[in-house]
Amino acid sequence: MRRYVFTRLLLKVGGGLLETTEPIGSENTTVAGDVEFSPGFDRTDYGGEKFTIFAPDWGLYSNYFFADEQNGEAMNDAIYERTVKVEEYLNVDITHIIDGYINDVPQNVRSTVMSGDDTYQLVLTHCIAGIDNMVIEDMLYDWNDFEYCDFSRSYWNQNCNENLSLNGHMFYAVSDYMLPDPNCILFNKDMIEQYSIEDPYELVRSGKWTIDKFSEMCSAVTRDLDGNGALDFNDQYGLATENDWFWNSFYYSSDIYLMSKDSSGAMKLSVNNERTITLIEKLDKLVNRSNDVYIFDFQDSDEDRLDISRGRSLFQMISFNTLYKYCDTTVDFGILPYPKLDEMQETYHTNDWSGLMCVPKTVGNTEMVSKVIELLALYSGNTTIPAYYNFVLGEKLSRDEDSKEMMSIIYDNVVYDAGINYRGFSENMINLFYAIPRCVVRDGNGSFSTWYAMYASGAEAEIEKFMEDVSKLG
């Protein structure tokens with residue numbers, strides 16, 4: 001997998017100079033990590049054949065995937081350049097349809113498959129919604145059958161390919177064409193200095209950025225500012241954040257997965273273990289046994305949200321996709337990965353809340369389709385990857401070189417979990433998936449064992465039924 005190091009080199013994009021992450025090869029090559037790649041096939045003339053990409057109007061798809069013309073903006077022009085490079089190499093016409101919302105994707109794919117039409121050559125999905133149904137309804141092409149997609153190359157995400165494969169089939173994939181959307185933690189630099197707290201950046205580098213250290217730092221800054229004897233909206237907190245899905249990322253920062261594969265490759269429920277119990281206990285202590293956390297509802301209006309821009313919270317959890325909202329805030333903030341469960345854990349993991357790639361099984365010219373998809377992945381290495389990671393994230397959204405380093409750590413360690421992608425919205429599994437925001441943050445329960453017992457058998461039955469349906473695909 002590529003490493004996203006934010007350094008200062010220059011790339012010609014859209015007539016201007018763009019700071020990029022890595023050296024660029026010749027016209028038809030890209031550099032991934034330290035390896036220069038050229039297409040694994042010769043130029044082909046497909047006579048202007050159309051290649052249509054469908055995506056919902058959601059997340060990063062809305063702003064960072066498609067461009068019809070150059071406009072001088074670095075990311076837009078990088079997207080446009082990538083499209084042109086692929087079109088010229090294969091003489092194809094790449095078009096896109098961005099329409100509807102996340103739940104509309106399965107229905108669009110279902111319609112084209114049922115009618116036998118070759119309508120879309122590539123479909124971009126949500127990370128959960130409808131992912132399972134498109135598999136078990138036999139709507140999707142197996143990526144293993146695409147001759148010209150070289151999954152050994154570093155611009156294909158091997159973690160996704162391995163964790164989401166089912167009985168040897170690969171129905172979803174992620175390459176450098178896709179932009180991950182992990183969560184991160186913002187911190188108030190002025191508050192760190194004011195209370196003489198340890199440098200969070202150094203804690204990350206030394207491997208000591210853990211949930212215990214996170215909680216300790218929260219406690220150091222909580223104050224009753226108005227002196228009314230009660231902590232409320234007008235006071236100061238270690239952590240102020242939403243009561244919803246941001247909390248789920250603590251699973252992955254703690255190296256915990258909802259589902260895993262056994263020795264035979266079968267999926268099994270794996271969330272009930274000592275690490276999960278320890279994680280829930282630590283978060284329960286932080287949220288419910290201290291006064292250091294201010295929770296607001298994810299549906300609250302801006303005036304009711306005690307976010308970091310108000311200057312009265314040390315930490316806030318947020319997705320990179322919404323970081324742009326804080327570009328103009330006067331509060332000087334830094335960016336961190338979620339903390340590890342303990343120092344024994346080697347890596348700062350994070351999960352990807354962006355979507356996946358799939359191809360309807362009615363696709364016609366599989367040779368052309370696989371070549372286009374491979375080139376979109378390959379050419380992202382010297383167009384959209386440097387534009388997004390260095391310019392959009394590194395220049396527009398981060399405020400210091402340390403934050404760029406932290407973003408490299410976050411993006412280098414994005415992981416995928418079949419438990420979320422395939423089962424995250426099923427009736428019982430969703431309660432295990434959302435155990436932290438529901439059991440700890442909203443209910444104030446904090447007993448994972450009790451919570452797990454309520455939903456485990458149902459979740460196991462859902463997994464068994466899903467794998468049974470998958471087995472029927474052959």
Side-chain angles (χ1 to χ4, degrees), residues 1-2 28-30 32 35 37-47 49-55 65 82-83 85-96 105-106 108-109 112-113 116-125 131 134-179 265 354-381 384 416 418 421-422 470 473-474:
M1 192 182 302
R2 85 168 46 249
N28 293 313
T29 64
T30 190
V35 180
F37 286 122
S38 296
F41 43 83
D42 295 332
R43 288 180 178 271
T44 312
D45 187 347
Y46 288 106
E49 189 170 345
K50 185 170 288 188
F51 182 96
T52 302
I53 305 169
F54 177 84
F65 273 74
R82 176 182 62 189
T83 302
K85 286 167 72 75
V86 177
E87 288 181 329
E88 290 180 346
Y89 198 85
L90 299 175
N91 188 18
V92 293
D93 178 17
I94 299 177
T95 63
H96 68 270
V105 175
N108 276 281
V109 175
T112 190
V113 170
D117 293 335
D118 184 10
T119 307
Y120 313 121
Q121 285 69 56
L122 179 63
V123 174
L124 312 183
T125 74
I131 296 303
M134 286 193 286
V135 170
I136 62 180
E137 292 180 37
D138 199 17
M139 301 183 196
L140 305 179
Y141 197 87
D142 189 336
W143 287 84
N144 292 310
D145 295 331
F146 279 138
E147 179 181 357
Y148 295 99
C149 290
D150 186 352
F151 299 113
S152 69
R153 292 188 169 187
S154 60
Y155 46 76
W156 287 97
N157 188 297
Q158 307 305 327
N159 185 280
C160 173
N161 296 348
E162 169 61 25
N163 287 351
L164 300 191
S165 63
L166 298 166
N167 292 351
H169 298 292
M170 200 166 82
F171 298 109
Y172 296 99
V174 167
S175 71
D176 277 359
Y177 175 73
M178 302 294 286
L179 298 173
S354 188
L356 307 169
M357 301 189 302
C358 64
V359 177
K361 68 177 301 181
T362 49
V363 67
N365 189 344
T366 57
E367 176 187 288
M368 181 272 290
V369 169
S370 63
K371 287 182 178 180
V372 170
I373 290 174
E374 177 74 359
L375 288 183
L376 287 172
L378 186 150
Y379 289 147
S380 292
T384 57
Y416 297 83
N421 297 113
Y422 290 124
V470 170
L473 300 177

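Reckoned from all heavy atoms, side chains included, excluding hydrogens, waters and symmetry mates.
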>> Rounded at 0.5 Å granularity, tell me how far CG in L378 sits from NZ in K85.
In response: 8.5 Å

>> Applying side-chain contact (heavy atoms from CB on, under 4.5 Å) to T384 and Y379, what does each step give before you reach the verdict?
In response: CA-CA 8 Å; T384 57; Y379 289 147; over 6 Å; no

> Q158 side chain to W156 main-chain N or O, any donor-acceptor pair under 3.5 Å?
Replying inline: yes

> Is there a donor-acceptor contact under 3.5 Å from the side chain of D176 to the main chain of A377?
Replying inline: no

> Rounded to the nearest 0.5 Å, how far does CG of N163 lie from CG of N157?
Replying inline: 9.0 Å

> Can you check whether T52's main-chain N or O pairs, donor with acceptor, with Q121's side chain at less than 3.5 Å?
Replying inline: yes

>> I'd like to check L122 versus I373 (side-chain heavy atoms, cut-off strictly below 4.5 Å). Are they in contact?
In response: yes

> With side chains defined as the heavy atoms from C-beta onward, is the minimum distance between T44 and Y148 less than 4.5 Å?
Replying inline: no

> Side chains of E367 and Y46: closer than 4.5 Å at any heavy-atom pair?
Replying inline: yes

>> Apply side-chain contact (heavy atoms from CB on, under 4.5 Å) to residues T125 and C358 and explain how you reach the verdict.
In response: CA-CA 8 Å; T125 74; C358 64; 3.7 Å; yes

>> Can you classify the ring geometry of Y120 versus F54 as parallel (below 30°), tilted (30 to 60°) or perpendicular (above 60°)?
In response: tilted

> Looking just at side-chain N and O atoms, do D142 and N144 make a donor-acceptor pair shorter than 3.5 Å?
Replying inline: yes

> Do you know the tightest heavy-atom contact between V135 and L473?
Replying inline: O-CD1, 3.5 Å

> Does any N or O in the side chain of Y141 come within less than 3.5 Å of the main-chain N or O of F146, such that one atom is a donor and the other an acceptor?
Replying inline: no

> Looking only at heavy atoms, which two atoms of N365 and D118 are closest? And how far apart?
Replying inline: N-OD2, 4.2 Å

> Nearest heavy-atom pair of V86 and V92: which atoms, and what distance?
Replying inline: O-CG2, 4.2 Å

> ring pair (Phe, Tyr, Trp, His ring centres under 6.0 Å) between Y177 and Y155: does it pass, once the steps are laid out?
Replying inline: CA-CA 8 Å; Y177 175 73; Y155 46 76; over 10 Å; no

>> Counting the benzene-type ring for Trp, do Y416 and Y172 have ring centres under 6.0 Å apart?
In response: no

> Do F41 and E374 come within less than 4.5 Å of each other through their side chains, counting heavy atoms only?
Replying inline: yes

>> Restricting to non-hydrogen atoms, name the atom on L376 and the atom on I53 that form the minimum distance, rounded to 0.1 Å.
In response: CD1-CD1, 4.4 Å

> Within the distance-only criterion (no hydrogens, no angle test), does the side chain of S165 pair as donor or acceptor with the backbone N or O of E162 below 3.5 angstrom?
Replying inline: yes

>> Is any side-chain heavy atom of M170 closer than 4.5 Å to one of L164?
In response: no

> Are M178 and M357 close enough, and set up right, to give a side-chain contact (heavy atoms from CB on, under 4.5 Å), and what steps lead you there?
Replying inline: CA-CA 8 Å; M178 302 294 286; M357 301 189 302; 3.3 Å; yes

> Got a sec, which pairs hit salt bridge (charged side-chain N to carboxylate O under 4.0 Å, His left out) with one end in residues 148-158, sequence neighbours left out?
Replying inline: D150-R153

> Less than 4.5 Å apart, any side-chain heavy atom of C160 and any of L356?
Replying inline: yes

> Passes side-chain contact (heavy atoms from CB on, under 4.5 Å), L140 versus V359? Steps please.
Replying inline: CA-CA 6 Å; L140 305 179; V359 177; over 6 Å; no

> Hey, mind stepping through K50 and T95 against side-chain hydrogen bond (donor to acceptor under 3.5 Å, both in side chains) and telling me if it holds?
Replying inline: CA-CA 7 Å; K50 185 170 288 188; T95 63; 5.1 Å; no

> Which distance, rounded to the nearest 0.5 Å, do you find between the CE of M134 and the CE of M139?
Replying inline: 7.0 Å

>> Are the side chains of N91 and R43 in contact, using a 4.5 Å heavy-atom criterion?
In response: no

> Are any non-hydrogen side-chain atoms of T119 and P360 less than 4.5 angstrom apart?
Replying inline: no

>> To the nearest 0.5 Å, what is the distance between OG on S175 and CG on L375?
In response: 11.0 Å

